[in-house]
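Just so it is clear, the model here is predicted, and its values are computed rather than measured. Side chains are part of it too, since the values below use all heavy atoms of this structure and drop only hydrogens, waters and symmetry mates. So you know, we letter chains A, B, ... as the sequences are listed, proteins then strands, and number each from 1.
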Protein chains: 2
Amino acid sequence: MKDRLKLLNRAARIQYRIDSNNKRPRPFGTSYLMYQSEIHFIDAIGPGDGLNASELSRKLGITNGAVTQIAAKLLEKNLILKYRKDENKKEVYLKLTEEGVIAFENHRLFHKELNDRMLEYLEGLSGEQIDVISGLMDVIENYLPDIEKEEEK
Amino acid sequence: MKDRLKLLNRAARIQYRIDSNNKRPRPFGTSYLMYQSEIHFIDAIGPGDGLNASELSRKLGITNGAVTQIAAKLLEKNLILKYRKDENKKEVYLKLTEEGVIAFENHRLFHKELNDRMLEYLEGLSGEQIDVISGLMDVIENYLPDIEKEEEK
DNA sequence: TTATTTATTTTAGTAACTAAAATAAATAAA
DNA sequence: TTTATTTATTTTAGTTACTAAAATAAATAA
């Protein structure tokens, strides 16, 4: 049963490394490195028309204050711009600049490449093998809610 | 191949939930909730004789300054105590108080329970099934270093 | 005894937030 | 129409979890 224990330790190490990686800023085709919160922000705005701060905060699951703060940083780096509509002086809309779109695309590409690699691997597995991975996820998910329920008290 | 994609999305959601859970403070048999950095700190000190700040910072992989800062919080909550040895007035040693030991034990128990549950599940799997999980980890680990290497530039 | 090394602490700064107060515009009610 | 309320956004102060660099102080080496 030693191999099972090794597997668990390995999973913990992988978790830790993913976590560390996520904390580091990364380049996304732009001059400046971007932190996760910033690139998520850009990803949520998306190319196209732009949306207002409240919609964005809802989409990201963060407070309006946080949106204003992250927006200020991205505004300074010229990755987004703010504007109002003529018929409404209250709402603030955010959209990507050209450089913002480049960051958006690079970020999407980054995830697409990872996704494709993983899919390629998974497609090489049999149905029974997929079931093993799926079963493992069941166990993990089944354990997770316990923690969340405790906090609600 | 839709099931493979579903699996990937599910993995991402699980990742996110684990991450969120890790950020929340949790009780460990003590009156006050503890953040991850605090309970890691306590876990690294361990019951018994205690160690000095430099050893601890090395063990935790954080700076000495961070150790001083976290120690200040735990000191105030009465979970650790600081002392010097008669023969050395320079080094500061840290050890757990009785309540600190309780937190330590609860934290260890928390992980042991999780570990046991996972082991129990894994022991029910065949060698081939374990190989599937192991193979998946290979792919994940193989992808990870790419990110780390980039940063070293 | 002076210089250097080692150990620790302090200070200022960053990321990634939250919660609450302040501000301002739009809508509803008196 | 004026006042009140709701909605949208921003500001401020605070928190966790750090780092990097400067300050301090004790121990060791020159």
message: For D:dT16, does the base pair up with any side-chain atom of B:Gln69 as donor and acceptor (N or O, under 3.5 Å, distance only)?
response: no
- request: Would you kindly say whether B:Tyr32 and B:Glu38 are connected by a side-chain donor-acceptor distance under 3.5 Å?
  value: yes
- request: Grab the OH-P distance between A:Tyr35 and D:dT19 for me, whole Å please.
  value: 12 Å
query: Can a side chain N or O of B:Thr63 be found less than 4.0 Å away from OP1 or OP2 on D:dA20?
result: no
statement: Side-chain atoms of B:Val92 come closest, of D:dA27, C:dA15, C:dT9, to C:dT9
- prompt: Roughly how many Å is it from NZ in B:Lys23 to P in D:dC18, rounded to a whole number?
  reply: 12 Å
Interatomic distance, A:Leu74 CG vs C:dC17 P [rounded to whole Å]: 12 Å
task: Ignoring backbone atoms, test whether A:Asn52 places a side-chain nitrogen or oxygen under 4.0 Å from the OP1 or OP2 oxygen of D:dA8.
output: no
query: To the nearest Å, how far apart are B:Met34 CE and D:dT16 C1'?
result: 15 Å
- prompt: Taking CD from A:Glu87 and P from C:dT27, how many angstroms apart are they, rounded to a whole number?
  reply: 11 Å
message: Between B:Lys90 and A:Gly61, which residue's closest nucleotide on DNA chain C lies nearer the 5′ terminus?
response: B:Lys90
- prompt: Can you find a side chain N or O atom of A:Ser54 that sits less than 4.0 Å from OP1 or OP2 on D:dT9?
  reply: yes
field: Distance below 4.0 Å between A:Lys89 side-chain N/O and D:dA8 OP1 or OP2
entry: no
statement: In whole angstroms, the gap separating P of C:dT8 from CZ of B:Arg58 amounts to 9 Å
query: B:Lys73 NZ to D:dA17 C1': how many Å, rounded?
result: 7 Å
- prompt: Quick one: is A:Thr68 getting a side-chain N or O under 4.0 Å of the D:dT11 phosphate, OP1 or OP2?
  reply: no
task: Rounding to 10 degrees, work out the angle separating the end axes of the helix from C:dT1-D:dA30 to C:dA30-D:dT1 (five pairs an end).
output: 30°
Within 45° cone of B:Tyr93 ring axis and under 6.0 Å: B:Lys85 NZ or CZ: yes
- request: May I ask you to verify if any side-chain N or O of B:Ser37 is less than 4.0 angstrom from the OP1 or OP2 atom of D:dT16?
  value: no
message: By the 4.0 Å heavy-atom rule, please label B:Ala53 as base, sugar-phosphate, or nothing.
response: sugar-phosphate
task: Measure the distance from CD on A:Glu91 to P on D:dT6 and round it to the nearest whole Å.
output: 18 Å
message: Checking the side chain of A:Asn106 only, and the main-chain atoms of A:Ile102 only, is there a donor and an acceptor separated by less than 3.5 Å?
response: yes
field: Residue-phosphate contact under 4.0 Å: A:Lys85 side-chain N/O, D:dA8 OP1/OP2
entry: no
- prompt: Are there more than 12 heavy atoms of other residues, nucleotides or ligands under 6.0 Å from atom CG of A:Asp49?
  reply: no
query: Where the side chain of B:Gln129 meets the backbone of B:Ser126, is there a donor-acceptor pair that is under 3.5 Å apart?
result: yes
- prompt: Hey, is the main chain of B:Leu125 close enough, under 3.5 Å, to the side chain of A:Arg4 for a donor-acceptor pair?
  reply: yes
field: Close side-chain approach of A:Thr30 and A:Lys77, heavy atoms under 4.5 Å
entry: no
- request: Could you tell me whether the side chains of A:Asn64 and A:Ser57 share a donor-acceptor contact shorter than 3.5 Å?
  value: yes
